[in-house]
**Student:** 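Okay, here's the structure, questions in a sec.
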Amino acid sequence: MTRAALITLNSSDDPVSNLAETLSFLTEAADGGADIILTPEVTNCISTDRTHQRAVLQLEADDRTLAAIREFAKLRRVWVLIGSLALKTNDPDGRFANRSYLVSPEGEVVAKYDKAHMFDVSVSDSESYRESAGYRPGNRAVLAHTPLGSIGLSICYDVRFAYLYRSLAQAGADILTVPSAFSAVTGAAHWEVLLRARAIETGSFVFAPAQTGAHREKNTTKRQTYGHSLAVSPWGEVLFDGGTEVGVGFVDFDLSVVQDARSRIPSLTHDQTLEVPR
């Protein structure tokens with residue numbers, strides 16, 4: 001059996017204080033025997049203020065959170081999936097990257113993935129997002145082969161695009177990661193059903209650590225996230241639900257369950273090319 005730890009965070013717009021809390025939960029997870037620890041999307045900073053982001057975010061090479069978590073992984077000999085970090089880039093348009101990292105027990109970055117699908121939506125008359133205004137989308141899928149299994153990386157809004165996960169599973173992914181900062185409104189309606197669907201469709205474990213609660217920005221709260229970090233089995237069972245409180249949750253898993261689910265329903269091998277009338 002392999003033990004995963006999912007961390008639920010309530011990140012603010014201050015990367016320094018966020019890092020201190022994240023390291024505390026990472027320590028708790030490692031002390032609990034985790035082989036792999038997963039943090040949510042934008043672990044380092046949640047902010048709706050682009051000017052503030054430009055002041056506090058860093059380039060990948062300089063990012064304190066990435067450096068500290070790499071050092072932690074090496075010290076504790078544990079895999080860490082940093083759900084994502086908001087980072088400056090050298091792009092001419094000045095947009096940031098929303099980048100997920102898989103860090104080995106040697107402290108090495110073995111895979112990184114830039115969120116491909118941008119959350120440009122109007123949830124209601126009072127709640128809308130234009131992620132593409134501040135973040136540039138990635139353009140490639142990422143699969144990492146590790147001793148714990150093959151891990152397909154994704155981030156939050158990606159979960160609505162089933163073809164990404166099907167492609168990752170057909171390429172060999174046993175585990176799909178969906179770190180998120182899901183809207184409270186859409187989370188209540190869609191979070192669990194989407195994650196369970198991705199697990200069932202692909203016969204994969206799905207690990208989805210989440211941000212939760214009201215997020216502090218300059219001593220106010222401007223954004224609310226749903227929480228409920230989830231671990232789902234290849235058969236679609238919810239193995240762990242972190243609720244709405246910050247903290248660490250553990251789930252033990254066996255990759256033989258992946259092969260069992262896929263042998264019972266081998267839908268990954270049943271694709272058909274169909275003409276669509278126009």
Side-chain angles (χ1 to χ4, degrees), residues 1-12 15-46 63-85 99-113 144 146-149 151-156 174-182 195 204-213 225-233 238-255:
M1 296 288 280
T2 304
R3 172 161 282 199
L6 279 66
I7 294 178
T8 304
L9 293 175
N10 175 247
S11 296
S12 71
V16 175
S17 63
N18 292 335
L19 176 57
E21 182 171 50
T22 299
L23 288 172
S24 175
F25 286 136
L26 286 168
T27 299
E28 182 180 338
D31 289 347
D35 301 294
I36 182 169
I37 308 169
L38 302 94
T39 73
E41 183 182 19
V42 286
T43 288
N44 62 330
C45 181
I46 287 188
D63 189 75
R64 301 184 197 91
T65 302
L66 177 59
I69 293 178
R70 289 183 61 187
E71 184 63 29
F72 175 88
K74 182 177 180 180
L75 177 68
R76 297 302 302 265
R77 305 294 301 168
V78 65
W79 288 88
V80 179
L81 187 283
I82 306 173
S84 81
L85 301 175
R99 185 170 296 157
S100 187
Y101 292 89
L102 182 62
V103 181
S104 75
E106 291 72 42
E108 298 298 321
V109 173
V110 300
K112 53 186 175 181
Y113 164 77
T146 80
L148 305 182
I151 301 174
L153 278 63
S154 73
I155 301 172
C156 201
D174 307 295
I175 299 164
L176 303 170
T177 59
V178 195
S180 297
F182 227 73
L195 293 170
S204 306
F205 283 100
V206 172
F207 297 143
Q211 295 278 355
T212 190
T225 54
Y226 181 63
H228 293 276
S229 295
L230 286 188
V232 185
S233 81
V238 174
L239 304 175
F240 168 75
D241 182 337
T244 58
E245 299 300 317
V246 299
V248 181
F250 297 93
V251 60
D252 296 319
F253 66 99
D254 182 346
L255 287 188

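Please read all numbers here as calculations on a predicted model, not as lab measurements.
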**Student:** Is it the case that the side chain of E41 and the backbone of Q211 share a donor-acceptor pair, with hydrogens and angles ignored and the cut-off at 3.5 Å?
**Tutor:**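 It does not hold such a pair.
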
**Student:** Applying side chain to side chain contact (heavy atoms under 4.5 Å, CB included) between S84 and each of T39, V42, L153, report the one that passes.
**Tutor:**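 Testing S84 for a side chain to side chain contact (heavy atoms under 4.5 Å, CB included) against T39, V42, L153 leaves exactly one candidate, V42.
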
**Student:** Does T212 offer a backbone N or O that forms a donor-acceptor pair with the side chain of T225 under 3.5 Å?
**Tutor:**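 It does hold such a pair.
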
**Student:** Looking at CG of L26 and CD of E21, how far apart are the two atoms once the value is rounded to the nearest 0.5 Å?
**Tutor:**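 Spacing of CG (L26) from CD (E21) equals 10.5 Å.
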
**Student:** Are any of the side-chain heavy atoms of T244 and H228 separated by less than 4.5 Å?
**Tutor:**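 In short, these two side chains touch, coming nearer than 4.5 Å.
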
**Student:** Minimum heavy-atom separation for F250 to G32, with atom names?
**Tutor:**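 Nearest pair, atom of F250 first, then G32: CZ-CA, 3.7 Å.
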
**Student:** Write down the atom of S154, the atom of P179, and the distance for their closest heavy-atom approach.
**Tutor:** O-CD, 3.0 Å

**Student:** Closest heavy-atom contact between S229 and I7?
**Tutor:** OG-O, 4.0 Å

**Student:** Which value, rounded to the nearest 0.5 Å, describes the distance between L85 atom CG and R99 atom CZ?
**Tutor:** 9.0 Å

**Student:** Let me confirm one number: the CG-OG1 distance from L81 to T177, rounded to the nearest 0.5 Å.
**Tutor:**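 Nearest 0.5 Å value for the CG-OG1 distance: 4.5 Å.
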
**Student:** For T2, give me all partners under side-chain contact (heavy atoms from CB on, under 4.5 Å), at least two apart in sequence or on another chain.
**Tutor:**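 Residues passing side-chain contact (heavy atoms from CB on, under 4.5 Å) with T2: D35, L148, F253.
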
**Student:** Closest approach of I82 and S100, non-hydrogen atoms and distance?
**Tutor:** O-OG, 3.1 Å

**Student:** Would you check if V251 and F205 make a side-chain contact, meaning some heavy-atom pair closer than 4.5 Å?
**Tutor:** no

**Student:** Does the side chain of V178 reach to within under 4.5 Å of the side chain of L195, using non-hydrogen atoms?
**Tutor:** yes

**Student:** For N44 and S11, what are the C-alpha separation, side-chain angles and deciding distance, and is it a side chain to side chain donor-acceptor pair (under 3.5 Å)?
**Tutor:** CA-CA 7 Å; N44 62 330; S11 296; over 6 Å; no

**Student:** Using a 4.5 Å cut-off on heavy atoms from C-beta on, say whether the side chain of I36 contacts that of I175.
**Tutor:** no

**Student:** Checking the side chain of S12 only, and the main-chain atoms of C45 only, is there a donor and an acceptor separated by less than 3.5 Å?
**Tutor:** no

**Student:** Say you draw a straight line from CG of D174 to OG of S204; how long is it, rounded to the nearest 0.5 Å?
**Tutor:** 7.0 Å

**Student:** Residues two or more places apart in sequence or in another chain: which of them pass side-chain contact (heavy atoms from CB on, under 4.5 Å) with E245?
**Tutor:** none

**Student:** Report the distance from atom CZ of R70 to atom CD of E108, rounding to the nearest 0.5 Å.
**Tutor:**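 Atom-to-atom, R70:CZ and E108:CD are 5.0 Å apart.
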
**Student:** Does any part of the side chain of F72, heavy atoms only, come nearer than 4.5 Å to the side chain of T27, both counted from C-beta?
**Tutor:** yes

**Student:** Hey, does W79 have a side-chain heavy atom less than 4.5 Å from the side chain of P147?
**Tutor:** yes

**Student:** Locate the shortest heavy-atom distance separating G83 from T43; write the atom from each residue and the value.
**Tutor:** N-OG1, 4.4 Å

**Student:** Atom CD of E71 and atom CG of L23: how far apart are they, to the nearest 0.5 Å?
**Tutor:**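 Reported to 0.5 Å precision, the distance equals 10.5 Å.
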
**Student:** Less than 4.5 Å apart, side chain to side chain, heavy atoms only: is that true for T22 and L9?
**Tutor:** yes

**Student:** Could you check whether any side-chain heavy atom of I37 comes within less than 4.5 Å of a side-chain heavy atom of F25, counting everything from C-beta outward?
**Tutor:** no

**Student:** Could you report the tightest heavy-atom contact between A5 and A34, atom names first, then the distance?
**Tutor:** CB-CB, 3.7 Å

